[in-house]
Amino acid sequence: MLPESHIVRAFFGEVEVLHSQPCGSGNINDTYLTTFRGPTAEEQQGIFQRLNSRVFARPDAVMRNISATAQHLQSVHYPLGLLTPLLTVEEEFLYRDAQGGCWRAFPYFAHAYAPEHLPTPEEAYEAARAYGLFLSALATCPTPALEETVPHFHDPQHRWAVFQEVLEKDPLGRVAQAKAEIAQLFEHRATFEAVAYLEETGQLPLRIVHNDPKAGNVLLSLKTGKAVAVVDWDTLMPGTLLSDFGDMVRTFAPDQYEDEPGDVRIRPNVLKALEEGFQEVVQPILTPTECQHLSLGARWIAAEQALRFLTDYLSGDIYYKIQYPEHNLMRTRNQLSLLASLPL
Ligand code: GN1
Ligand code: MG
């Protein structure tokens, strides 16, 4: 459902909506780029997004986190674009439609693109540098400043426990079709345990991290190729930097997008460029333990993503949007193949 006029008007007052189109490739929320005309007759554009309130059960807390982050980043002179939420005419972050849909609006970064399909080494370098700048600027923000909006988001023990539970219940009788993938995941159980151990023993600093720094969540200038903004701040929460590094490796370096079937290969030149761009910026804030375990972060997040897709497949596709019945199983195979080709 495209955002109807009353949704746009909730944020911008008496405007005429000219055009709306779906935007981006998010698996959870619905995002649209909308063009409208205000009283001055000038055309304006904005991003309108309906939050998935099953995943984000506390939408107000998500918006408080985003707003607090924007304020902090502004105060430390963060050099990239800010995702400052736009307010409704009633000065709220969210507008709720009659169907219970929860809408918010953001400024649109024009003349920019997300390098989500097989980023080149240059794009990987720029994008990783941008995420590094983002994390470095957040290093001075106290962790209690943000709320945990999705509990246990990257909690390795919790993710594994949920997987075990669905294996036991097998609500749709799909376990039999996924025997090989389940067996492969069990081979990676030690990776989850290694991360849990580092966390439980307090060896990894708790930082505010992005938690979803995929290649599709950074915008580069169409003109210069330089980073314009890091977007999708919904999962900003206290966590470990290892998962952010892992998500970059998982989404920048493979030679296939996460929805494609087949053998995935890691592109070494892209991996090298991403490591260079990231390290160049985050080196001053990295602790020796973080530095030593970045490659563990890459293995962990690829394995966790495989586990999450498989958990969803076995549960009956209740979390990620799917385009066809075996979509989540295909995504699982893609991540497992990626994991097998990681040189780290
Ligand atoms: C989801 O919706 P999107 O594409 O921003 C998910 C991420 C996954 C990603 C896999 C809140 O992100 O954690 O890594 O799909 N977001 C949430 O593509 O679960
Ligand atoms: Mg996201």
Side-chain angles (χ1 to χ4, degrees), residues 22-32 47 49-59 61-63 65-66 69 83 85 102 104 106 114-119 127 130-131 134 146-156 158-159 162-163 208-219 229-240 242-254 256-260 264 297-313 315 317-323 327-339:
C23 176
S25 57
N27 289 323
I28 309 283
N29 298 321
D30 300 318
T31 311
Y32 305 93
I47 294 290
Q49 201 171 41
R50 185 176 37 208
L51 256 184
N52 180 326
S53 46
R54 202 175 37 76
V55 171
F56 298 105
R58 295 164 59 221
V62 171
M63 298 315 288
N65 276 358
I66 295 177
T69 303
L83 206 62
C102 202
R104 74 251 174 103
F106 291 111
E116 58 193 320
H117 289 283
L118 304 189
Y131 283 124
F134 190 75
L146 296 198
E147 299 171 59
E148 195 184 19
T149 48
V150 188
H152 304 293
F153 191 62
H154 279 309
D155 175 343
H158 178 78
R159 292 274 178 208
V162 173
F163 175 56
I208 291 176
V209 293
H210 186 283
N211 280 315
D212 192 13
K214 47 192 210 179
N217 282 338
V218 59
L219 301 177
V230 164
V231 298
D232 187 356
W233 295 6
D234 290 340
T235 46
L236 276 168
M237 278 180 278
T240 161
L242 262 52
S243 71
D244 274 9
F245 178 77
D247 248 323
M248 284 192 285
V249 173
R250 180 185 85 72
T251 60
F252 294 15
Q256 288 180 31
Y257 192 59
E258 72 182 15
D259 290 82
E260 290 174 66
V264 181
R299 290 196 304 280
W300 163 40
I301 289 302
E304 186 199 87
Q305 195 63 65
L307 179 119
R308 291 176 65 191
F309 285 145
L310 188 54
T311 302
D312 199 31
Y313 174 70
S315 311
D317 308 306
I318 52 179
Y319 190 90
Y320 296 106
K321 292 180 193 167
I322 54 162
Q323 264 85 53
H327 200 160
N328 274 317
L329 185 58
M330 191 60 81
R331 288 166 168 158
T332 307
R333 290 184 183 140
N334 173 299
Q335 295 298 297
L336 287 169
S337 168
L338 186 170
L339 184 54

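Here the structure is a predicted model, which means the values were calculated and not measured. In each ligand, atom 1 is the first atom listed, and ligand 1 is the first ligand listed.
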Which segment of Asp232 sits under 4.0 Å of ligand 1 when only heavy atoms are counted: side chain
Would you say Asn217's side chain and Asp232's backbone share a donor-acceptor pair under 3.5 angstrom? no
Please answer whether the main-chain N or O of Val209 pairs with a side-chain N or O of Asp244 as donor and acceptor at a distance below 3.5 Å. no
May I ask you to decide if the ring planes of Tyr131 and His210 are parallel, tilted or perpendicular, using 30° and 60° as cut-offs? perpendicular
Given 3.5 Å as the limit, does a donor-acceptor pair link the side chain of Arg104 with the main chain of Pro59, or not? no
Side chains of Arg331 and Asn328, donor plus acceptor under 3.5 Å: yes
Looking at the Mg ion (ligand 2), is one of the N, O or S atoms of Asp232 less than 2.8 Å from it? yes
Looking at ligand 1, does any of its N/O atoms fall within less than 3.5 Å of an N/O of Glu258? yes
If you count the atoms of ligand 1 from 1 in the order shown, which ones are under 4.0 Å from a heavy atom of Gly26? 2 (O), 4 (O)
Exam field: side chain Thr69 to backbone Asn65, donor-acceptor pair closer than 3.5 Å: yes
Asn217-ligand 1 polar pair, N/O distance under 3.5 Å: no
For the 3.5 Å polar cut-off, considering only N or O atoms, please tell me whether Phe153 and ligand 1 meet it. no
Students often mix this up, so state it plainly: with edges at 30° and 60°, are the rings of His154 and Trp300 parallel, tilted or perpendicular? perpendicular
Is Asp212 touching ligand 1 with its side chain, its backbone, both, or neither, if touching means heavy atoms under 4.0 Å apart? side chain
Protein contact of atom 17 (C) of ligand 1 - nearest heavy atom, named by residue and atom, plus distance: Tyr319 OH, 3.4 Å
Just let me know how Gln335 lines up against ligand 1, side chain, backbone, both or neither, with a heavy-atom cut-off below 4.0 Å. neither
Just to be sure I'm reading this right: ignoring hydrogens, which of Lys321, Arg331, Lys214, Glu304 gets closest to atom 9 (C) of ligand 1? Compare them by their nearest heavy atoms. Lys214
Give me the residue, atom name and distance of the protein heavy atom closest to atom 14 (O) of ligand 1. Gln305 OE1, 2.7 Å
Return the name of the atom in Asp212, of element N, O or S, nearest to the Mg ion (ligand 2). OD2
Among all protein heavy atoms, pick the one closest to atom 16 (N) of ligand 1 and tell me residue, atom and distance. Ile28 CG1, 3.8 Å
Atom CG in Asp30, atom NZ in Lys321: separation rounded to 0.5 Å? 4.0 Å
Can you tell me the protein heavy atom closest to atom 15 (O) of ligand 1 and the distance? Asn27 ND2, 3.2 Å
I'd like to know if the side chain of Asn334 and the backbone of Val264 have a donor-acceptor N/O pair within less than 3.5 Å. no
Just which atoms of ligand 1 are under 4.0 Å from any heavy atom in Phe56? 11 (C)
re atom 13 (O) of ligand 1, the protein heavy-atom contact at minimum distance is Arg308 NH1, 2.9 Å
Polar-atom distance check: Tyr320 versus ligand 1, any N or O pair below 3.5 Å? no
When rounded to the nearest 0.5 Å, the distance separating CZ of Phe245 from CD1 of Ile301 is 11.5 Å
Backbone N/O of Lys214 and side chain of Asp247: donor-acceptor pair under 3.5 Å: no
